[in-house]
Amino acid sequence: MASPLKSLVIDDNRYQKSFQLFLERSSEHQCMQDFIHNTLPDILASIGDGKSHLNVIGVGSGAGEIDLEMLSQLRLKHPGVTVDNEVVEPSSTQLHQYKVMVSQKPNLDYIKCTWNKMTSSEFEEQWRVKKMTKKADFIHMIQMLYYVKDPGATIEFFQSLLDNKGKLLIILVSGESGWGKLWRTYRSQLCNTEISQCVTTGDMKSFLDSKGVSYQSYELPSQMEITECFTEGDEKGELLLDFLTEVLDFSNTASPELKAGVLEVLQHPDCSKESNGKVIFNNNLGVIVIDPQT
């Protein structure tokens, strides 16, 4: 029987609300910033092979804050380069925010943005139809592989676009995070695989290992407070539960058994810890950096 649960991503307004609350409650952007400032520069130093013009593709770039942080690090490592920044993002709201930010931020003359309001699979289809031969020096896919039908095939396609010194950067939730535990337990009930996949860096590393692909990996410690999830009828708790389960209005549409089971797993030591009366969810991220195909 088809699941009556609807995916959160079909309601962009509620998705954006729950995502904003998630960002307020979690240290996600902070741990990404730490990675971008402390680890990414050395990765970026090795790309480009001395070229004065670099091609970058951002897949699922959102509103662009993280993109511009990475591009500023790229510029520090490669002073004087110009950058062709290909942005792939299906949400018109997010894309608009990105464009506004670019128009207001100073010193971005070295970047030329191409806006692609589309999904990564639409971008892939367009690339193939146009028989594009352009190669990319840096491609990043941050928190987006959940939204493609076949994450492995998506990685293989974008890896095929890398120039010989290029790098493909992937950030997802870690297999060791609370997400990993939640999804291992309830993947079949929560995942509408037509719309989203419950994938972690653990899954992706297994895939890459099976293909003999070389990569480097990093763990980024992150956490999120989810205390209100355990208060019946709490509006913020319901938004957080929607975000955690990727289910629209989870509290009111899930069966009582599934809801009770999910809440129990969220309190499990593999998912969360208690601190000063608050429930702190393990939101650790994983980073995978992939080299070009040999």
Side-chain angles (χ1 to χ4, degrees), residues 16 19 23 28-120 122-124 126-127 130 132-145 147 154-155 157-171 287-292:
Q16 298 300 340
F19 179 58
L23 289 181
E28 168 131 342
H29 270 187
Q30 187 53 52
C31 80
M32 281 192 201
Q33 298 279 9
D34 293 346
F35 173 78
I36 288 167
H37 289 272
N38 300 325
T39 308
L40 185 64
D42 288 344
I43 295 166
L44 294 176
S46 66
I47 72 169
D49 219 7
K51 292 185 296 190
S52 61
H53 181 79
L54 298 176
N55 292 322
V56 174
I57 304 175
V59 191
S61 287
E65 305 101 327
I66 298 288
D67 284 32
L68 293 185
E69 288 277 348
M70 293 193 288
L71 288 171
S72 72
Q73 294 299 321
L74 181 67
R75 177 78 163 175
L76 287 172
K77 283 294 175 188
H78 302 272
V81 297
T82 52
V83 173
D84 186 11
N85 183 36
E86 198 80 63
V87 178
V88 182
E89 171 55 53
S91 164
S92 47
T93 313
Q94 300 268 55
L95 210 53
H96 174 70
Q97 289 173 337
Y98 196 151
K99 288 177 182 177
V100 169
M101 189 167 59
V102 167
S103 69
Q104 293 173 347
K105 238 183 164 53
N107 307 322
L108 295 182
D109 324 346
Y110 67 96
I111 303 172
K112 173 181 165 282
C113 289
T114 306
W115 308 103
N116 301 278
K117 186 194 167 301
M118 59 184 74
T119 63
S120 72
E122 288 164 346
F123 179 79
E124 182 176 338
Q126 179 177 290
W127 197 275
K130 290 183 173 175
M132 299 285 284
T133 54
K134 185 168 94 170
K135 290 292 186 183
D137 300 290
F138 180 51
I139 301 174
H140 53 86
M141 312 167 82
I142 295 178
Q143 294 287 45
M144 60 69 61
L145 279 173
Y147 307 113
T154 302
I155 289 176
F157 167 71
F158 283 100
Q159 186 194 20
S160 76
L161 304 188
L162 290 176
D163 208 354
N164 58 5
K165 284 283 177 84
K167 296 282 183 186
L168 169 57
L169 173 81
I170 294 164
I171 299 183
V287 179
I288 299 174
V289 181
I290 299 176
D291 298 317

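What you see below is based on every heavy atom in this structure, not just the backbone, and it leaves out hydrogens, waters and symmetry mates. In this text the structure is predicted, and so the values were computed from the model without any measurement.
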What orientation do Phe158 and Phe123 show, parallel under 30°, tilted 30 to 60°, or perpendicular over 60°?
parallel

Is any side-chain heavy atom of Tyr147 closer than 4.5 Å to a side-chain heavy atom of Thr119?
no

Checking side chain to side chain contact (heavy atoms under 4.5 Å, CB included) between Met141 and each of Thr154, Leu169, Ile288, which is the one that passes?
Thr154

Run the side chain to side chain contact (heavy atoms under 4.5 Å, CB included) test on Lys51 and Lys165 for me, step by step, so that the C-alpha distance in whole Å, both residues' side-chain angles and the decisive distance to 0.1 Å come before the verdict.
CA-CA 11 Å; Lys51 292 185 296 190; Lys165 284 283 177 84; over 6 Å; no

Rounded distance [0.5 Å steps], NZ in Lys105 versus CD in Glu65:
9.0 Å

With rounding to the nearest 0.5 Å, note down the distance linking CD in Glu69 to CG in Leu71.
10.0 Å

Where Gln159 and Pro292 come nearest, the two heavy atoms and their spacing:
NE2-C, 3.8 Å

Assess whether side chain to side chain contact (heavy atoms under 4.5 Å, CB included) is satisfied between Ile47 and His78, documenting all intermediate values.
CA-CA 9 Å; Ile47 72 169; His78 302 272; 3.8 Å; yes

Are the side chains of Ile155 and Leu145 in touch, meaning some heavy atoms are under 4.5 Å apart?
yes

d(Leu168 CG, Leu162 CG) to nearest 0.5 Å is 5.5 Å

Using side-chain heavy atoms (C-beta onward) and a distance below 4.5 Å, is Met70 in contact with Leu40?
yes

Tyr98 and Ser61 have their tightest heavy-atom pair at CE1-CB, 3.7 Å

At what distance, to the nearest 0.5 angstrom, does CG of Leu54 lie from NZ of Lys77?
14.0 Å

Check the pair His140, Asp67 against side chain to side chain contact (heavy atoms under 4.5 Å, CB included), reporting the backbone distance first and the verdict last.
CA-CA 9 Å; His140 53 86; Asp67 284 32; 3.2 Å; yes

More than 12 heavy atoms of other residues, nucleotides or ligands under 6.0 Å from NZ of Lys134: is that the case?
yes

Taking the side chain as every heavy atom from C-beta outward, state whether Lys167 and Asp291 have any atom pair closer than 4.5 Å.
yes

So does His96 have more than 12 non-hydrogen atoms from other groups sitting under 6.0 Å from NE2?
no

Got Trp115 and Val102 here, is their nearest side-chain heavy-atom distance under 4.5 Å?
yes

Does the side chain of Gln126 come within less than 4.5 Å of Asn116's, by heavy atoms?
yes

Let me know which of Ile57, Asn55, Val56 forms a side chain to side chain contact (heavy atoms under 4.5 Å, CB included) with Glu86.
Ile57

Criterion side chain to side chain contact (heavy atoms under 4.5 Å, CB included) against His53, the qualifying member of Asp84, Val81, Asp137:
Asp84

When rounded to the nearest 0.5 angstrom, what is the spacing between NE2 in His29 and CD1 in Ile36?
8.5 Å

What is the distance from atom CD1 of Ile171 to atom CD1 of Ile142, rounded to the nearest 0.5 Å?
4.0 Å

More than 12 heavy atoms of other residues, nucleotides or ligands under 6.0 Å from CG of Asn38: is that the case?
yes

Taking the side chain as everything from C-beta on, heavy atoms only, tell me whether Glu89 gets closer than 4.5 Å to Gln97.
no

Worked verdict on Ile43 versus Phe35 for side chain to side chain contact (heavy atoms under 4.5 Å, CB included)
CA-CA 11 Å; Ile43 295 166; Phe35 173 78; 4.0 Å; yes

Test item: Lys117 side-chain N/O and Pro90 main-chain N/O as donor-acceptor pair under 3.5 Å:
yes

Would you say that Gln16 contacts Ser91 through its side chain, given a criterion of any heavy-atom pair below 4.5 Å between the two side chains?
yes

